[in-house]
2 protein chains.
Amino acid sequence: MSDDLRRNMALFPIGIVMKLTDLTARQIRYYEQNGLIQPARTEGKQRLFSFNDVDRLLEVKALIEKGLNIAGIKQVLQLQDPVPEQTEITVSSEAKRKELTEQELHQLLKQQIFFSNANRPSEHALIRGELSRFFH
Amino acid sequence: MSDDLRRNMALFPIGIVMKLTDLTARQIRYYEQNGLIQPARTEGKQRLFSFNDVDRLLEVKALIEKGLNIAGIKQVLQLQDPVPEQTEITVSSEAKRKELTEQELHQLLKQQIFFSNANRPSEHALIRGELSRFFH
DNA sequence: TTTTTGTGTAATCTTTTCTGACATCCGTTG
DNA sequence: CAACGGATGTCAGAAAAGATTACACAAAAA
């Protein structure tokens with residue numbers, strides 16, 4: 001839930017993602033062009049990637065290295081996200097996510113995590129629990 | 001231990017940090033100039049901030065809002081990091097950290113976390129445990 | 001063989017960031 | 001009060017990073 005927020009927060013520019021994934025900018029943009037990822041953008045149209053995006057790119061890379069082509073990767077990634085019986089909860093959370101702007105995401109993370117973290121150095125237990133799923 | 005790696009990985013440009021902290025670039029640079037943070041730099045000398053840096057900035061901000069000046073903040077932050085009896089282990093880990101270049105940090109994170117994550121979607125238990133301390 | 005794919009590369013433009021300087025607002029202090 | 005220093009705003013010019021587009025090309029597919 002707020003897990004999605006963290007994982008979907010647009011944080012890194014393409015240069016960092018290149019280092020994290022060992023992919024070239026060309027590759028990353030090509031994969032985006034083919035719908036494998038959909039990074040957010042700054043006002044000035046620069047790409048901003050989330051942890052989810054980076055994970056996705058690493059999956060893509062692994063599949064590329066196994067010889068799959070883009071179409072195959074799309075298949076595999078869809079299989080990994082089988083979109084099972086969508087419950088009301090899931091649907092509503094999806095809808096809610098789409099309503100959130102980047103700025104709102106930042107605001108949320110700020111307030112929910114960083115801020116409470118900074119102000120109350122002793123109240124970390126709960127925060128830790130939430131953050132344990134920062135990635136996956 | 002590899003916690004330090006994650007928390008110290010230089011990931012975000014100043015624009016993102018501004019949004020996360022609600023500080024201006026001017027403030028962030030000023031705090032750096034006064035030794036409150038020490039963000040990494042790209043080859044082109046642009047700042048790259050880690051989660052540790054962001055946390056630190058949020059602490060600084062909270063103290064600023066309480067009316068402290070830079071000198072006071074230095075005091076408080078030192079008190080929060082009292083540098084207690086330095087054990088051999090701590091010292092050696094400090095030394096080891098200083099030997100790591102930014103690139104090596106990225107390499108490490110890549111291999112230890114993202115990569116294993118991407119390749120083995122079922123082996124997450126351990127990773128989760130490690131990541132639970134990503135921030136705090 | 002011809003076509004398509006995935007990636008490299010170069011050119012050009014825009015966005016973001018950097019540094020340095022000067023201005024300003026505000027507590028402190030003489 | 002007047003001068004001063006601390007913290008921040010703002011601006012200018014330069015540099016870095018990123019965006020888009022176009023062309024090239026090897027390898028795979030048709």
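Values below: every heavy atom of this structure, side chains too, minus hydrogens, waters and symmetry copies. All values reported here derive from a predicted model rather than from experimental measurement.
In this structure, A/Ala71 and A/Lys45 both approach DNA chain C, and ranking their closest nucleotides by distance from the 5' end singles out A/Ala71. When each of B/Glu43 and B/Asn69 is assigned the nucleotide of DNA chain D with its nearest heavy atom, B/Asn69 is the one assigned upstream, toward the 5' end. Residue whose closest nucleotide on DNA chain D sits further toward the 5' end, between B/Gly44 and B/Asn34: B/Asn34.
Atoms CG and CD1, from B/Leu68 and B/Ile73 in turn, are 5.5 Å apart once rounded to the nearest 0.5 Å. Between A/Ile14 atom CD1 and A/Asp53 atom CG the span is 11.0 Å, to the nearest 0.5 Å. In this structure, OH on B/Tyr31 lies 10.0 Å from CZ on B/Arg26, to the nearest 0.5 angstrom.
Taking atom CG on B/Leu23 and atom P on D/dT8, their separation rounds to 8 Å, with Å as the unit. B/Ile70 has its CD1 atom 13 Å from the C1' atom of D/dG5, to the nearest Å. The CG-C1' distance, from A/Leu63 to C/dG6, rounds to 15 Å in whole Å. Going from atom NZ of A/Lys19 over to atom P of D/dG18 covers 9 Å, rounded to whole Å. B/Gln33 has its CD atom 12 Å from the P atom of D/dT8, to the nearest Å. C/dT17 atom C1' lies 17 Å from atom CZ of B/Phe12, rounded to whole Å. Rounded to whole Å, the distance from CE on A/Met18 to C1' on D/dA16 is 14 Å. Summarising the geometry, the separation between CD on B/Gln46 and C1' on D/dG18 is reported as 10 Å, rounded to the nearest angstrom.
Contact annotation: B/Thr42 side-chain N/O to D/dA17 OP1/OP2 distance is under 4.0 Å. In this model, the phosphate group of C/dT7 is approached by a side-chain N or O of A/Tyr31 to a distance below 4.0 Å at OP1 or OP2. The phosphate of D/dT20 has OP1 or OP2 within less than 4.0 Å of a side-chain N or O from A/Arg41. Distances shorter than 4.0 Å separate some side-chain N or O of A/Thr24 from OP1 or OP2 on C/dG8.
The side chain of B/Ile64 lies closest to D/dT8, out of D/dG18, D/dT8, D/dC23. Checking D/dG18, C/dG8, C/dT17 against the side-chain heavy atoms of A/Pro13 singles out D/dG18 as nearest. Comparing atom distances between the A/Tyr30 side chain and each of C/dC18, C/dG6, D/dA19 picks out C/dG6 as nearest.
The base of D/dT20 is not paired with the side chain of A/Arg29 by any donor and acceptor separated by under 3.5 Å. The base of C/dT17 is not paired with the side chain of B/Arg47 by any donor and acceptor separated by under 3.5 Å.
Here the side chains of A/Phe49 and A/Leu11 are not in contact, with every heavy-atom distance at 4.5 Å or above. The shortest side-chain heavy-atom distance between B/Lys74 and B/Leu36 falls under the 4.5 Å cut-off.
Note on A/Gln27: only backbone sugar-phosphate atoms sit closer than 4.0 angstrom, heavy atoms only; bases stay farther off.
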Next on the checklist: Working note: B/Arg47 + B/Glu32, criterion side chain to side chain contact (heavy atoms under 4.5 Å, CB included); need CA distance, chi angles, decisive distance, verdict.
Outcome noted: CA-CA 10 Å; B/Arg47 290 172 184 79; B/Glu32 177 191 20; 2.4 Å; yes

